[in-house]
Amino acid sequence: MSHSSEDRLERFASGGAACMTAFKLLRIVLQLLEGLLTCALVFPFVGEAVRARLIRRWSIKLLRLCQVEVVVIDKAAGTSPAHALIVANHISWLDIFVINVWHPCRFVAKADIRAWPLLGWLCDKAGTIFIERGSLRAVRRIYEGLVHRLHAGERVAFFPEGTTSTQGTLLPFHSNLFESAVEAGVAVQPFAVRYLCVEPDIGRFGKTGRFHPSVTFIGDMTFVESLMAILKGGKIRAELVRLPPIATVGGHRRELAQAAHAAIAAELAAAGERRAA
């Protein structure tokens, strides 16, 4: 085959991949618009149970469009607490929707997310609680709101690292918001989150079970850049591991933060050893 023919084939393949990515992006935009309409036209007239079902169904569909399959792994003895403070390691904006597949929660998130195109407004209308960086007054206000919501029987979730980290690492946990679980008298429910490669991407990223590189969301990366990387990166297996709940009776927020950090770190380390074997 001549070099010109090879060049034409390469351009054709590149153009086809670009069209496919554009089509996937269009479907996601339509899904986001559907979510916005649901929040604006349906949520004001339905109860919490219906809202939860709609959020879960919508999250599943969004993740499928992003080529993400969610697998929930339960390593906790007994049933899940009816209401609890949910904590997890933080890798990507996908984490919120992965946890919503298990059970829709009220999330505490950085105020920056509110400015994201479409998704920020959607998170706001879905009940996300936004917190400003470095504002002690905002932390106090959020804390009081969390106690109220936990007393009301809701599941509230936040990422105690305060920012995203690379897969396989775990930053120190901020302990302030753990106090809300102590005051509300509810358990802390830790989760470990990881994103793995699946077939047919073994040849590109290594054997099945390796960390998927496209979900990395750190540094100056924007939401749009992250979304495009995910759409181009192939199928993703998101594993959400429920760990044993941590009782808060008589506990201190720093002790609870350390216990949750140790549990999640141990799970991530154990999974890393299994992948290396």
Side-chain angles (χ1 to χ4, degrees), residues 31 35 48-109 123 126-128 150 153-161 164-165 167-168 170 181 186-199 201 208-212 214-215 217 230 233-247 259-275:
Q31 176 69 6
E48 285 297 323
V50 175
R51 285 168 60 113
R53 285 199 300 271
L54 291 173
I55 290 172
R56 184 174 186 274
R57 185 189 308 164
W58 188 91
S59 297
I60 291 172
K61 188 172 180 180
L62 175 67
L63 291 170
R64 284 176 178 168
L65 291 175
C66 292
Q67 307 173 92
V68 179
E69 173 198 14
V70 179
V71 178
V72 179
I73 302 170
D74 197 339
K75 293 191 175 182
T79 59
S80 174
H83 56 290
L85 183 68
I86 312 298
V87 298
N89 58 308
H90 197 15
I91 299 168
S92 166
W93 55 270
L94 293 170
D95 301 343
I96 292 176
F97 305 104
V98 169
I99 293 174
N100 275 341
V101 170
W102 169 73
H103 195 289
C105 301
R106 297 276 188 180
F107 281 88
V108 180
C123 288
T128 299
L150 290 169
E154 296 185 20
R155 287 182 173 94
V156 177
F158 79 104
F159 303 104
E161 289 171 282
T164 52
S165 57
Q167 294 214 70
L170 191 63
V186 302
V188 172
Q189 174 62 75
F191 280 92
V193 184
R194 51 181 172 259
Y195 298 90
L196 307 177
C197 299
V198 295
E199 294 189 33
D201 296 312
T208 298
R210 296 294 182 187
F211 287 140
H212 202 295
S214 299
V215 298
F217 186 50
I230 289 168
K235 295 180 180 179
I236 302 168
R237 174 186 170 97
E239 293 187 348
L240 181 66
V241 184
R242 187 171 84 94
L243 302 169
I246 302 169
H261 187 281
I264 295 172
E267 171 58 31
L268 295 177
E273 291 174 0
R274 289 195 296 270
R275 284 191 299 272

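- Looking at heavy atoms from C-beta onward, Val70 lies out of side-chain contact with Ile60 at the 4.5 angstrom threshold.
- For the pair Val87/Phe191, no side-chain contact is recorded, criterion being any heavy-atom separation below 4.5 Å from C-beta on.
- Under the rule for a side-chain contact (heavy atoms from CB on, under 4.5 Å), Ala262 has no partner lying at least two apart in sequence or in another chain.
- Of all heavy-atom pairs between Ile264 and Ala88, the closest is CD1-CA, 4.0 Å.
- Evaluation of the side-chain hydrogen bond (donor to acceptor under 3.5 Å, both in side chains) rule for Glu161 yields Ser165 as partners, not counting sequence neighbours.
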- Task: Step by step, work out the side-chain contact (heavy atoms from CB on, under 4.5 Å) result for Ile96 and Thr128.
- Result: CA-CA 10 Å; Ile96 292 176; Thr128 299; 5.7 Å; no
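- The side chain to side chain donor-acceptor pair (under 3.5 Å) analysis of residues 93-106, with sequence neighbours excluded, yields the pairs Glu48-Arg106, His90-Asp95, Trp93-Ser226, Asp95-Tyr195, His103-Arg155, Arg106-Glu154.
- For Ser59, the side-chain hydrogen bond (donor to acceptor under 3.5 Å, both in side chains) test picks out no residue, with sequence neighbours left out.
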- Query: Which is it for Arg242 and Gln189 under the side chain to side chain donor-acceptor pair (under 3.5 Å) test, yes or no, and what are the steps along the way?
  - Reply: CA-CA 8 Å; Arg242 187 171 84 94; Gln189 174 62 75; 2.9 Å; yes
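- Counting only residues at least two apart or on different chains, the side chain to side chain donor-acceptor pair (under 3.5 Å) pairs with a member in residues 60-73 are Lys24-Gln67.
- Closest approach of Glu267 and Ala192 over heavy atoms only: CG-CB, 3.6 Å.
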In residues 50-58, what donor-acceptor pairs under 3.5 Å come from side-chain atoms, sequence neighbours left out?
| residue | atom | partner | partner atom | Å |
| --- | --- | --- | --- | --- |
| Arg56 | NE | Val101 | O | 2.6 |
| Arg56 | NH2 | Val101 | O | 3.3 |
| Trp58 | NE1 | Gln31 | O | 2.9 |

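- Of all heavy-atom pairs spanning Cys105 and Ile86, the tightest one is SG-CG1, 4.0 Å.
- A distance of 15.5 Å separates CZ in Arg194 from NE2 in His212, rounded to the nearest 0.5 Å.
- Heavy-atom minimum distance, Gly233 versus Ser214: CA-OG, 3.3 Å.
- Looking at His261, its side chain never comes within 3.5 Å of a backbone N or O of Pro160 through a donor-acceptor pair.
- The line from CG of Leu94 to CD1 of Ile230 is 4.0 Å long, rounded to the nearest 0.5 Å.
- Contact record, Val215 with Ser92: O-CB, 3.6 Å, taken as the closest heavy-atom pair.
- Interatomic distance, Leu170 CG to Leu268 CG, rounded to the nearest 0.5 Å: 6.0 Å.
- At a threshold of 4.5 Å between non-hydrogen side-chain atoms, the residues Ile91 and Thr164 do not count as touching.
- Phe211 places a side-chain heavy atom less than 4.5 Å from the side chain of Leu196.
- Of all heavy-atom pairs spanning Val186 and Leu85, the tightest one is CG2-N, 4.1 Å.
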